[in-house]
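Residue numbers begin at 1 in each chain, while the letters A, B, ... track the order of the sequences.
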Amino acid sequence: MEPYEPQEIERRWQTVWADEGTWEVPNPGQPAFDDTKPKSYVLVMLPYPSGEPHIGHLKVYAIGDAIAHYKRRNGYRVMQPMGYDAFGLPAENNAIKTGVHPREATDRSIASYRHWFRRWGISIDWTRELATSDPSYYRWTQWIFLKLLERGLAYRKEAAVKWCPKDATVLANEQVIDGRCERCGTPVEVRQLEQWFFRITDYADRLLDDLEGIDWPEHVKTMQRNWIGRSEGAEVTFRCEELGIDYPVFTTRPDTLFGATFFVLAPEHPDVFRLAAGTPEEDRVHEYVNRAIAESAEDRSSEERPKTGVSLGRTVTNPVNGERIPMFVADYVLMEYGTGAIMAVPAHDQRDHDFARAFDLEIRQVVAPADDKEEQPATDPAAPGSEQARITGRPSGSLADEEVAGIGAGPFLGHSGNERLINSGDFTGMSSPEATRSITEWLAKDGRGRPSVSYRLRDWLLSRQRYWGCPIPVVYCDGCGLVPVPEDQLPVLLPDVQDYAPKGKSPLASAEDWVATECPRCGGPARRETDTMDTFVDSSWYFLRYCDARNDKAAWDREVVRSWMPVDQYIGGVEHAILHLMYARFFVKALADLSLLDVQEPFDALFTIGMITREGAKMSSSKGNFVDPAEYVERYGADTARSYVLFIGAPDQDADWTDKGVEGVHRFLARLWRLKEEVVERTEPAISDERGATSDQPGNPHALLAKAHWAIDKVTRDIERGFQFNTAIAAVMELVNEAYRLKDGLYGHPAGDAALRFATATAGSLLFPFAPHLGAEVYEAVEGSRVWEEPWPKPDPTMLESDTFTLVVQVNGKLRARVEAAVDAPKDELVRLALGTEAVKRHLDGKEIVKEVVVPGKLVNLVVR
RNA sequence: GCGGACGUGGCGGAAUUGGUAUACGCGCCAGGUUUAGGUCCUGGUGGGCCAUUGGCCCGUGGAGGUUCGAGUCCUCUCGUCCGCACCA
């Protein structure tokens, strides 16, 4: 008997798959295209090539591969491609440090990833391989950019960026630590620079609504909904009479308009200086605004920090009651959201409340809980221990009216739907929702307000003042202004530079020969755009390119993409739940609007994978506790490493890696190997029927055959039910254990050759999606054919059934006995069996049976008194 | 604060619709094979109490509830993790 040598077995099968191009799948119109099979596009998020693949990669590709194999054997034409998200900061930072060109480091890393994907035996169609940093790819990234530009979905606008005055450089947000430059410690300034944006906000509603129709985890959908942050409310106009300017504000609570007691503008609001001009507050406003604008977003957004602001020395008129309320500038109001100005209702908003307290402004309650007997005893509205006293924490007798609802302790934020308006003119007494509607309608009649929707989502800022990215294909001409590079001049190649370090401009600016160009429109001198694109742009369409990866005439052929899209199963980490998945959805919708695509959503189904911890701890460089997949693949083989990451827990949950556990899975694979060795050596292939039973062989095959069919059924259902590979593998373990116990008849008659061969081949077949090398090896040894060419097995229903079952007997819901019963026994027979057991007799002694619960095929519960 | 996920043996984790809690693996214990160790094969292994076979009680973070019956459903509560967060 040969020992289990995974290295040898795995090399053998990998060679077969590579030589024969087993996992290549043709496009329509190509030879060998099989239009009788339905398509299935199984896609794992493409890796960012940095160093070598880690254990998370092993997990996510093991999952994707299991799905791909399962789909193939269920009759699908499966595309599983591979590529690399190869542009990006880590390679560039490494270049700054070491001087090694990012392309060189990236290519090295890609070679390593490619090597390991093959070594892991992942069933990839390598003819579709791509790297986003390759000109044959980014040419089309640039082309898409130009399409979006043409459509008005890409535009330029001034935006604030972080600037270090000492290094004379723009900094990425991650390079700003506590408001200071991470390299020299100089406080960072904010500069307004022209930046490129994609108009993703135009798609906010569609991105929100279309979440309904896709099969994604609920928590990911929720994150996307929160990120889009759609709020319905009203835009209401407040007028500054002194200067004759109207200021619209957005509010979700028009019902609280009568409680607006002041008005606040964001420091970035363009009118702030104009408003303060000539007032005694002018100097203080300038000082405040300059300080606020220079502060980091992180500092400003800390919720604990006390409210600050200064008066503008002006007032606006509240349109619902004509009251003049004071104007302030304060940094808790954000320019990016709504209109950059708010009406402040301190009685019903925590932030406004904090501000009012700090500046001693009026807090006027206009919404109160509807009358409720429990809450308002007629005699003593604030008796100690009553609802009111508890809210404010004060003894009775000391409460002012407005404090009854808790104003003294904080704003009243009731959302029970039971609130009614007070102190609100004609609207007093209305419920909150009713008042929201009525007040908005009333204001809309004379143009002082209208229903409005606001979003948290911002346009996508895509320019990066960085080297290692896709050049933005536009030029600036003194005569013609901004000119897109014509399609036939693409790609705009990324030039080589000596110094990658950012200097306030993109490093590309130093490539003078490259920057200086000629205007495609007038032929005059022009300069190239030196910013590069965010790498999320590259990864927002790669799944389209896979469909038609070798097309050098177009980004893709629409018919070819139509034949593959949408992706049927997308698999990746939750860390991309928002940005990547939102951007890719936006791209697909925009491209569909340009009549370049025929789908509205890229990813029909999404599966997010859990993290792997080690011995209960998160893996991190500070702990130095990384699991290096190479180490395990070399020691135990790829099949063990892959099976283990799938076995330790449900794939969407976090799972804990232990070295002992790996050994357990390796033991199991070796056990299956030895079973195969023994079976092949000592049994003869027999002519067997479909379920593996033969009539002319000695032995007692039924128990083992039943177990094999049980395993087929269990594994199939576990995969169908949300990819529960952990329990699927456990079922194959049970089958192998059963084969060991029954092969020599430890409990009676040996199982016989046919049953043993069937059980062994079935174990190999069921294990194939998880441990493809061993699965193929075992199956070939027993059956003489290639398991991936065999359809996925189907259980024989008659083998899943049994003549008898274990009847559970309970007395008062407690388990008292188990007894074998015929499957078709009638209810009264089951009760008779239950009553016949010793344990039941004991528990029934002297008691009266008041009820008999009988669940046929399951249990009898006798209720006694 | 808002939103979401999760709490089950010594450990990782199982448990279709409410119906035998702890499958499978690790660890541990016992027996066997082997020149020996590792390997390999078989069996046992939630806790407590009594015991000769066996039996009784408790047990899925905690407290209630619904039900003949709850890990599973409902209410409250504690804890851990994740996402968002001055978004008007």
Side-chain angles (χ1 to χ4, degrees), chain A residues 3 217-223 225-227 229-231 233 249-253 256 264 300-305 307 330-334 336-345 348-352 354-355 413 454-458 574-575 577-578 610-611 613 615-616 618 644 647-650 652-665 667-668 670-671 674 714 717-718 721 724 726-734 737 740-741 744 746 806-818 838-839 842 850-855 857-864:
Chain A
E218 206 42 55
H219 69 279
V220 175
K221 289 189 183 184
T222 304
M223 277 193 241
R225 285 190 192 106
N226 292 344
W227 189 259
R230 183 186 152 104
S231 301
V249 299
F250 174 75
T251 176
T252 54
R253 296 291 306 273
T256 64
V264 190
R300 269 182 67 174
S301 67
S302 163
E303 213 175 336
E304 285 96 73
R305 108 192 203 132
K307 293 282 175 287
D331 66 4
Y332 81 92
V333 175
L334 309 174
E336 311 88 77
Y337 187 77
T339 62
I342 62 155
M343 65 170 200
V345 185
H348 303 291
D349 180 280
Q350 184 67 55
R351 297 151 299 172
D352 298 345
D354 295 344
F355 191 87
L413 306 169
S454 202
Y455 301 90
R456 206 191 81 102
L457 183 70
R458 306 287 144 73
V574 251
E575 64 273 19
I578 296 171
M611 206 179 47
T613 55
E615 319 272 341
K618 218 176 198 167
Y644 180 64
F647 179 68
I648 42 178
D652 55 340
Q653 303 296 119
D654 290 351
D656 195 52
W657 179 287
T658 60
D659 289 356
K660 284 287 186 189
V662 184
E663 285 173 29
V665 169
R667 263 201 290 276
F668 157 65
R671 209 163 133 84
R674 287 191 304 270
K714 171 82 173 142
R717 280 184 297 117
D718 285 348
R721 186 170 53 102
Q724 304 279 303
N726 52 336
T727 50
I729 292 170
V732 183
M733 287 174 170
E734 284 196 57
N737 289 345
Y740 267 80
R741 281 191 288 256
D744 300 315
L746 276 164
T806 306
L807 178 70
V808 170
V809 182
Q810 298 178 336
V811 177
N812 284 344
K814 285 192 173 154
L815 175 72
R816 293 303 173 192
R818 278 177 259 241
E838 283 304 315
R842 225 179 13 251
V850 293
K851 192 171 182 181
E852 293 166 355
V853 180
V854 183
V855 184
K858 277 255 159 67
L859 60 74
V860 169
N861 185 16
L862 303 168
V863 186
V864 301

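At G54(B), none of the side-chain N or O atoms of Arg816(A) fall inside 4.0 Å of OP1 or OP2 (strictly under the cut-off). Taking side-chain N and O atoms only, Lys814(A) has no distance below 4.0 Å to OP1 or OP2 of G59(B). Close to A88(B), at under 4.0 Å from its OP1 or OP2, lies no side-chain N or O of Arg456(A). Between Ser454(A) and A88(B) there is no side-chain N or O to OP1 or OP2 distance below 4.0 Å. OP1 or OP2 of A23(B) has not a single side-chain nitrogen or oxygen of Asn737(A) nearer than 4.0 Å. For Arg721(A), a side-chain nitrogen or oxygen approaches OP1 or OP2 of A15(B) to under 4.0 Å.
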> For RNA chain B, what is the dot-bracket line, given that a base pair needs Watson-Crick (N1 to N3, plus N6-O4 or O6-N4) or G-U wobble (N1-O2 and O6-N3) geometry with both distances under 3.5 Å, and | means paired with another strand?
Replying inline: (((((((..(((......[....)))((((((.......))))))(((((...)))))..(((((..]....))))))))))))....
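There is no side-chain donor-acceptor pair under 3.5 Å between Asn226(A) and Arg456(A).
In this structure, G69(B) is classed as anti because its glycosidic torsion departs from zero by more than 90°.
Separating the CD atom of Glu336(A) from the P atom of C84(B) is a distance of 17 Å, rounded to the nearest angstrom. Between the CG atom of Asn812(A) and the P atom of A70(B) there is a distance of 11 Å, rounded to whole Å. What separates CZ of Arg717(A) from P of A15(B) is a distance of 11 Å, to the nearest Å. The CD1-C1' distance, from Ile729(A) to G13(B), rounds to 13 Å in whole Å. Atom NZ in Lys660(A) sits roughly 12 Å away from atom C1' in C28(B) (whole-Å rounding). Atom pair Phe647(A):CZ and A14(B):P shows a separation of 10 Å (rounding to whole Å applied). Atoms NZ (Lys858(A)) and P (G18(B)) sit 11 Å apart, rounded to a whole Å. Rounded to an integer number of Å, the gap from CG of Leu815(A) to P of G69(B) is 16 Å.
The shortest side-chain heavy-atom distance between Val863(A) and Asn812(A) falls under the 4.5 Å cut-off. Counting heavy atoms from C-beta on, the side chains of Ile342(A) and Asp352(A) come closer than 4.5 Å. Counting heavy atoms from C-beta on, the side chains of Thr256(A) and Met343(A) come closer than 4.5 Å. Side-chain contact between Asn737(A) and Phe668(A) is absent, with no heavy atoms from C-beta onward closer than 4.5 Å. Using a 4.5 Å heavy-atom threshold, the side chains of Val574(A) and His219(A) count as touching.
Nearest to the side-chain atoms of Tyr740(A) among the listed nucleotides C24(B), A14(B), U42(B) stands U42(B). Listed nucleotides: A23(B), C86(B), C24(B). Nearest to the side chain of Met733(A): C24(B). Listed nucleotides: A14(B), A15(B), C40(B). Nearest to the side chain of Arg674(A): C40(B). Among C40(B), G13(B), C68(B), the nucleotide with an atom closest to any side-chain atom of Arg667(A) is C40(B). Proximity note for Arg671(A) (side chain, C-beta onward) versus C41(B), G27(B), C68(B): the nearest is C41(B). Considering only the side chain of Ile648(A), G12(B) comes nearest among C58(B), G12(B), C68(B). In the set A88(B), G55(B), C24(B), the nucleotide with an atom closest to the side chain of Ala730(A) is C24(B). In the set A23(B), G27(B), G25(B), the nucleotide with an atom closest to the side chain of Thr727(A) is A23(B). The listed nucleotides are A88(B), G13(B), A21(B); the one nearest the side chain of Tyr337(A) is A88(B).
Listed for the Thr613(A) side chain is no donor-acceptor partner under 3.5 Å among the backbone atoms of Trp657(A). The main-chain N or O of Gly664(A) is never found under 3.5 Å from a side-chain atom of Tyr644(A) such that the two would form a donor-acceptor pair.
Summary of the strand contacts: Gln724(A) and Gln810(A) both lie near RNA chain B, and taking for each the nucleotide with the nearest heavy atom, the more 5' one is attributed to Gln724(A). Nearer the 5' end of RNA chain B, as judged by each residue's closest nucleotide, is the contact made by Arg842(A), out of Arg842(A) and Gly340(A).
Between Ala344(A) and Tyr332(A), the shortest heavy-atom distance links the atoms CB-OH, 4.4 Å.
Judged by a 6.0 Å distance limit and a 45° cone about the ring axis, Lys307(A) is not positioned over the six-membered ring of Phe355(A).
For the side-chain contact (heavy atoms from CB on, under 4.5 Å) test, residues two or more places apart in sequence or in another chain that qualify with Ala730(A) are Phe647(A).
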> Once each nucleotide of nucleotides 2-11 of chain B is scored for protein heavy atoms under 4.0 Å, what B/S/- sequence comes out, 5' to 3'?
Replying inline: -SS-------
